[in-house]
There are 2 protein chains.
Amino acid sequence: MTTTNPTWEPRRLTAVAVELPEGVAPPGTRGRILHAGLKLYADLGFHGTSIRQIAAEVGINSATLYAHYPSKEHILAELVYIGHDGLFRELEQALADAGPSPAERLAALVRAQVYSHTDYPLLALVANSELHALSPESAAPALTLRERSRQLLYEVLIDGVASGAFSVADVTLAGIAIGSMGVRVASWFGPDQPYTREQVAEAFITYAHNIVGAR
Amino acid sequence: MTTTNPTWEPRRLTAVAVELPEGVAPPGTRGRILHAGLKLYADLGFHGTSIRQIAAEVGINSATLYAHYPSKEHILAELVYIGHDGLFRELEQALADAGPSPAERLAALVRAQVYSHTDYPLLALVANSELHALSPESAAPALTLRERSRQLLYEVLIDGVASGAFSVADVTLAGIAIGSMGVRVASWFGPDQPYTREQVAEAFITYAHNIVGAR
DNA sequence: GTCTATACTTTGATAGAC
DNA sequence: GTCTATCAAAGTATAGAC
């Protein structure tokens with residue numbers, strides 16, 4: 001193959017709605033740019049997407065983008081931040097609404113993570129898979145939120161072990177395993193498979209309980 | 001920010017050895033190109049890497065690359081195939097060496113996947129995270145191997161349920177959960193954390209057994 | 001096989017009119 | 001805010017000498 005087929009473009013996801021959580025998208029053109037960036041970054045990756053593709057998706061000239069964002073990277077930075085911030089808020093709210101037992105609190109976290117990824121799969125994919133394309137300064141706010149989210153899980157696990165509700169040899173590895181189930185959801189959940197978000201969440205809650213030996 | 005800082009480059013991984021399994025790298029310059037591609041694709045992604053960077057890493061002129069590979073994509077295609085083929089072979093060998101019980105066979109698969117990712121993290125990362133950058137035709141052989149690897153796991157799970165060794169409501173979701181723990185290993189395992197590959201494997205085997213309710 | 005030189009395209013971003 | 005027009009740089013890949 002010595003030439004590139006211009007009609008083919010790689011696709012990372014089956015077609016799903018390009019959606020952001022309510023209230024987080026800026027109004028007007030800036031918001032439409034953000035949605036277009038979300039769709040294209042999820043599909044082609046940050047480096048695989050050109051500023052002209054984003055503009056075409058919005059229906060504006062590429063130069064107009066720079067009236068709303070100072071660079072291509074700033075569009076990604078906003079998406080990555082929104083994704084991490086949204087997940088962290090969902091996790092915090094889930095804990096606030098959860099019952100007092102460690103098992104209930106762990107279930108609330110797993111459910112919130114699964115729903116976050118099933119409801120906004122493009123956002124989850126971009127936030128997790130394209131973060132590495134950001135400069136350290138642009139990535140820092142999202143990384144702080146990721147660390148805080150991680151802490152929410154570990155506090156629940158540590159409490160559960162301390163109270164005897166959980167029985168697990170290594171809390172860190174158990175947390176990694178539970179988190180791994182969750183972050184992968186956006187990569188396989190979609191309209192081409194038969195499960196509802198609720199079925200996935202309840203199954204993964206059971207697995208998480210099994211992993212930590214919840215009584 | 002209106003200009004790009006040419007001295008900064010995004011980094012996806014902490015420094016680890018750039019290694020391929022024995023015997024899979026072609027001899028001579030072609031093999032050195034493959035190693036350079038592995039390192040750079042893992043670090044910067046396929047679209048984030050230029051043909052000139054690969055050539056510079058090898059220490060040759062960029063034009064010389066085309067005496068060994070017909071395109072940038074062919075280098076990635078070979079890496080993605082090697083990664084999927086290597087994992088599949090390891091899984092098959094693990095089953096051949098495993099004891100007869102479903103629990104032993106599941107343990108063998110989990111251990112093989114963990115070792116494959118801890119021993120060749122760059123290869124695992126490129127094979128899984130950059131596959132989407134390939135054309136459908138270039139990706140097909142790897143996808144076939146991935147499906148066959150998936151089947152190995154599901155056969156063990158189905159056997160375990162049929163024999164009463166496992167107790168799990170949904171084999172598909174359990175398989176996804178177990179596979180998710182494994183594919184994430186390359187993203188966090190490295191010299192900056194305290195676990196050995198054996199510790200990770202044994203912990204994940206326990207979690208897998210817990211997920212499927214192994215008796 | 002490897003090089004120098006270069007063709008040609010696409011890229012991110014800017015200038016300036018309206 | 002949006003456009004047309006354009007720049008400078010970087011991109012993949014090729015031609016042809018050695």
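All chains are named by letter (A, B, ...) in the order of the sequence lines, taking the proteins before the strands, and each is independently numbered beginning at 1. Predicted model only: the values in this text are computed from it and were never measured.
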What is the distance, to the nearest angstrom, from the [atom1] atom on [X] to the [atom2] atom on [N]?
X: E73(A); N: dT11(C); atom1: CD; atom2: P; value: 18 Å
X: I54(A); N: dT10(C); atom1: CD1; atom2: P; value: 17 Å
X: H47(B); N: dT11(C); atom1: NE2; atom2: P; value: 11 Å
X: L44(A); N: dT11(C); atom1: CG; atom2: P; value: 11 Å
X: L65(B); N: dG11(D); atom1: CG; atom2: P; value: 13 Å
X: I51(B); N: dT14(D); atom1: CD1; atom2: P; value: 11 Å
X: Y69(A); N: dT14(C); atom1: OH; atom2: P; value: 17 Å

message = With the threshold set at under 4.0 Å for non-hydrogen atoms, list the residues of residues 28-36 of chain B touching DNA chain C in residue-number order.
response =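 Residues of residues 28-36 of chain B under 4.0 Å from DNA chain C: T29(B).
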
ask   = Which residue pairs pass the side-chain hydrogen bond (donor to acceptor under 3.5 Å, both in side chains) test when at least one of the two sits in residues 24-45 of chain B, sequence neighbours left out?
value =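 Those involving residues 24-45 of chain B are R11(B)-D43(B), R30(B)-E78(B), K39(B)-E57(B).
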
Sequence-distant partners of R111(A), side-chain hydrogen bond (donor to acceptor under 3.5 Å, both in side chains), two or more places apart =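 If we apply the side-chain hydrogen bond (donor to acceptor under 3.5 Å, both in side chains) test to R111(A), skipping adjacent residues, the hits are E202(A).
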
key: Nearest listed nucleotide, side chain of S71(A), among dA13(C), dG12(C), dG1(C)   =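 The listed nucleotide nearest to S71(A)'s side chain is dA13(C).
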
Of L152(B), T172(B), L106(B), L109(B), the residue whose pairing with L157(B) passes side chain to side chain contact (heavy atoms under 4.5 Å, CB included) =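 So, applying the side chain to side chain contact (heavy atoms under 4.5 Å, CB included) to L157(B) and each of L152(B), T172(B), L106(B), L109(B), only L106(B) qualifies.
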
Return all side-chain donor-acceptor pairs below 3.5 angstrom for residues 118-127 of chain B, not counting sequence neighbours, or 'none' if the list is empty.
from	atom 1	to	atom 2	distance (Å)
T118(B)	OG1	V114(B)	O	3.1
T118(B)	OG1	Y115(B)	O	3.1
D119(B)	OD1	R197(B)	NE	2.9
D119(B)	OD2	R197(B)	NH2	2.8

message = Taking 4.0 Å as the cut-off, does a side-chain nitrogen or oxygen of H68(B) come that near to OP1 or OP2 on dT2(C)?
response =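 Checking H68(B) against dT2(C): at least one side-chain N or O falls below 4.0 Å of OP1 or OP2.
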
message = Please find the pair of heavy atoms, one from I211(A) and one from A177(A), that lie closest to each other, and give the distance.
response =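 Minimum heavy-atom separation between I211(A) and A177(A): CD1-CB, 4.3 Å.
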
With the criterion being N/O to N/O and under 3.5 Å, what pairs connect the protein with nucleotides 3-6 of chain D, and how long is each?
from	atom 1	to	atom 2	distance (Å)
dC3(D)	OP2	N61(A)	N	2.7
dC3(D)	OP2	T64(A)	OG1	2.7
dT4(D)	OP2	N61(A)	ND2	3.2

message = The criterion is salt bridge (charged side-chain N to carboxylate O under 4.0 Å, His left out); which residues satisfy it with E147(B), sequence neighbours excluded?
response =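 E147(B) satisfies salt bridge (charged side-chain N to carboxylate O under 4.0 Å, His left out) with R150(B) only.
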
request  = Please examine the side chains of S149(B) and H84(B), heavy atoms only from C-beta on, and report whether any two atoms are closer than 4.5 Å.
outcome  =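 Answer no - side chains too far apart.
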
message = Parallel, tilted or perpendicular: which one describes the rings of W188(B) and Y195(B), with boundaries at 30° and 60°?
response =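 Ring orientation of W188(B) relative to Y195(B): perpendicular.
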
key: H209(B) versus T206(B), side-chain donor and acceptor atoms under 3.5 Å   =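 Their side chains do not contain a donor-acceptor pair, so the 3.5 Å distance test is not met.
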
